[in-house]
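Note that the coordinates shown come from a computational prediction; the quantities given were computed from them, not determined experimentally.
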2 protein chains.
Amino acid sequence: MKKVTINSVAEYAGVSKKTVSRVLNNEPNVSPATREKVLKVFKELDYKPNPIARGLARNKSFIIGCLYDNPSKSYITRVQSGALEACHKFNYNLLIHPCELRGDELIENVDQLLTTSRLDGLVLTPPFSDSQELIDFLKTQNIPFARVASALEDDTSISVRSNDEQGAYELTEHLISLGHKEIAFIKGHPDHSATEKRFSGYQNALLKHGIEYEEKLVAEGNFSYHSGADSAKEILDLEPMPTAVFASNDYMAAAVLKLATQRRIRVPEDISIAGFDNAPIARHIWPGLTTIAQPVEEMTRQAVEQLILQISDPSIEVYQKVLEAKLITRESTAAK
Amino acid sequence: MKKVTINSVAEYAGVSKKTVSRVLNNEPNVSPATREKVLKVFKELDYKPNPIARGLARNKSFIIGCLYDNPSKSYITRVQSGALEACHKFNYNLLIHPCELRGDELIENVDQLLTTSRLDGLVLTPPFSDSQELIDFLKTQNIPFARVASALEDDTSISVRSNDEQGAYELTEHLISLGHKEIAFIKGHPDHSATEKRFSGYQNALLKHGIEYEEKLVAEGNFSYHSGADSAKEILDLEPMPTAVFASNDYMAAAVLKLATQRRIRVPEDISIAGFDNAPIARHIWPGLTTIAQPVEEMTRQAVEQLILQISDPSIEVYQKVLEAKLITRESTAAK
DNA sequence: ATGAAGTTTGACACCGGTGTCATAATGTCG
DNA sequence: CGACATTATGACACCGGTGTCAAACTTCAT
């Protein structure tokens, strides 16, 4: 099977390669007859333009890179699914790049990524969307990027996030309205800006409702199930045991639920448990977890869509958006 | 900031671009002095070779595509993680392409993928690794590919799978050894070859131990949590209720566990539940699920590694491997 | 010193497209 | 019918690298 290039098509059709290129790109100034003829040859020879050659000429790859480091698998798949939706809409593809590094090594690693594979743009998800270093680097390299779920203030780059603080506030208020006063809290990974936001939401709700904040009720997690299990032990060992636990994500909440169940502590009768994110696991376990639905797919979808728009026209206004988080009540929380 | 190309480097260093190219690729026949000089200019000018140009010249993109359609998010992330490990080892990158299509549309979609982004190879995961149509297509297109977890017999293409039948056999035998005789079974998605394999393993174990196979004990799932919930209802409504349930994957098993718990059926006292895959959820819930550990990452890692090796040297022997699956017992199964 | 063999280097075509610009063909109008 | 505007087409350079091959330079044995 011989390779079919623009040259062979041109020769076969009896026109110049530039004319073939015109037809290929739906450019004007091609007579209908010629266009017909060339299109027929496309079919006949089963011609596929070479994306690499095109990329070289136009200095574009039609590939977006997605950078992440998140212990929550479901978060990642949701990010990917939103990103892919936007990519496919514009005939882009998605290259994934998990990365555990920080600081200089991170920059080096991203640099390497950009060296081995020319990307038209990058979507940053937490914690990278909060890395000022990385953002500065990308700016100097002139790589378009969009930030997802970042709390960083930078109105020169695309950002789509949800209102973490508001969500945590609502959830805490929900617990309070059920009569809970000793509400334990499990923090997320310190590198993620959401961690602080959710924590403030929790604190502010307590404050608003005149409940004293107690440090011993707060455990340090890092969004992983495992860290949730550790924190769960801490919290369930407290005397007196809190009547409610608010974990910064659903995985950690699931870990609390598991330990509670193991210890025959009834949920929600003896203790209420709530999470954050509305990850699949929140409804895959019994009792289902009360949580805050964060529109992860939608955030990423919008971010990537705007990124691609910006790539095609760098002069458009920088998109910045805050989406609402929503309380979802399930069986894991009940009145005290 | 001016663009640094091989030409500017050559000019600056006072050598030809070919010599620069030689240094770039660590080719022999460059005098140490020249090499030094050029390397210094690389540093000085912060030169990054353009991967697209290189791709055009060498007809390579250093990108592997990963094709999947699997309702289990954790399966996908495990696949990705194995694939990425192999990719990064060889300085390749991974492009992901979920795809829900079948038949002609699938072919068309993959064709489109190959048109918009030149890939050096493709990893096929279930159910695509079992699609004869797709495999034939890729062969005609001369795209290297590797199959993961495919039961298809084709010794001309790379294949890494685990022994599903054996695993299911062992798990069933485990249940039988605990005294269970009425063991319900939830099948997976009919398009996945693993579905049949696991089912045969179940049937063969029953046969071997003189337990009659009963059709009413078998429910049709499709690997999704949702289908597991439907099947769970069917099974738990049976009179008499079976004493054990073997679901073809952990998500469906989790769904059975949830419904059982909701109905205050005690697990494992009243009913034993087992899954397959050893997905994270298997240990994130209580009781933890007895299951079969399938080395998904390892399968994919090996498949991609071999794929890359084959890309660099098409003459090497086609790699075909069957990895062992392993029984993991947790709290969800117990003696009758 | 000479020739043969090996090493180092660069000129140039090429990968498969796109952009620029000149030229050819066609259309319009007085 | 000629002058001019408009549309259609192709020649050619270019994107940024790599492959081929011949020339120039070393090295070394004779």
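- When the C1' atoms of four end pairs are superposed on the next four at each end of the helix from C:dA1-D:dT30 to C:dG30-D:dC1, using five pairs per end, the two resulting axes differ in direction by 40°, to 10°.
- In this structure, a donor-acceptor pair under 3.5 Å is present between the side chains of B:Q132 and B:D136.
- Counting distance only, with no hydrogens placed and no angle test, the side-chain atoms of B:K17 and the base atoms of D:dG16 include no donor-acceptor pair under 3.5 Å.
- As a whole-Å value, the separation of B:E11 CD from C:dG10 P is 13 Å.
- Taking the six-membered ring where tryptophan is involved, the planes of A:H97 and B:H88 are tilted, since the angle between them lies from 30° to 60°.
- Computed from coordinates, the B:I6 CD1 to D:dC14 P distance equals 17 Å when rounded to whole Å.
- Between the side chain of B:R118 and the base of C:dG16 there is no donor-acceptor pair of N/O atoms closer than 3.5 Å.
- Contact check, B:S16 against C:dG10: a side-chain N or O comes under 4.0 Å of OP1 or OP2.
- Under 4.0 Å is where a charged nitrogen must lie from a carboxylate oxygen, and between A:D130 and A:R147 no such pair does.
- Applying the 4.0 Å criterion to OP1 and OP2 of D:dA8, one finds that A:T34 has every side-chain N and O outside that range.
- What separates CG of A:N29 from P of C:dC21 is a distance of 16 Å, to the nearest Å.
- A salt bridge between B:E305 and B:R301 is present, with a side-chain N of the basic residue lying under 4.0 Å from a carboxylate O of the acidic one.
- Within the 4.0 angstrom heavy-atom criterion, no nucleotide atom of any strand lies near A:V20.
- Atom OG of B:S159 and atom CD of B:Q306 lie 11.5 Å apart (nearest 0.5 Å).
- Phosphate contact (OP1/OP2 of D:dT18, side-chain N/O of B:S21, threshold under 4.0 Å): present.
- From B:I143, atom CD1 reaches atom CG of B:L113 across 9.0 Å, with rounding to the nearest 0.5 Å.
- Between the CD atom of B:E27 and the C1' atom of D:dG19 there is a distance of 9 Å, given to the nearest Å.
- On a pure distance criterion of 3.5 Å, a polar donor-acceptor pair joins the side chain of A:K18 and the base of C:dG19.
- Residues from residues 41-64 of chain A lying near DNA chain D, meaning a heavy-atom separation below 4.0 Å, are A:L56, A:A57 in numerical order.
- Separating the CG atom in B:L122 from the OG1 atom in B:T125 is a distance of 10.0 Å, to the nearest 0.5 Å.
- Residue A:S31 places at least one side-chain N or O closer than 4.0 Å to OP1 or OP2 of D:dT9.
- Between the side chains of B:T156 and B:K139, a donor-acceptor pair is found at a separation under 3.5 Å.
- For A:R22 and D:dT7, the CZ to C1' distance is 11 Å, given to the nearest whole Å.
- Counting to the nearest Å, the C1' atom of D:dC12 and the CG atom of A:N7 are 13 Å from each other.
- Checked by atom type, the side-chain pair A:N25/A:R58 shows a donor-acceptor distance below 3.5 Å.
- When the nucleotides C:dA11, C:dG16, D:dG16 are ranked by their closest atom to the side chain of A:K3, C:dG16 comes out on top.
- Looking at B:T34 and B:S31, their side chains do bring a donor and an acceptor atom within 3.5 Å of each other.
- The phosphate of C:dT18 (OP1 or OP2) has a side-chain N or O of A:N25 nearer than 4.0 angstrom.
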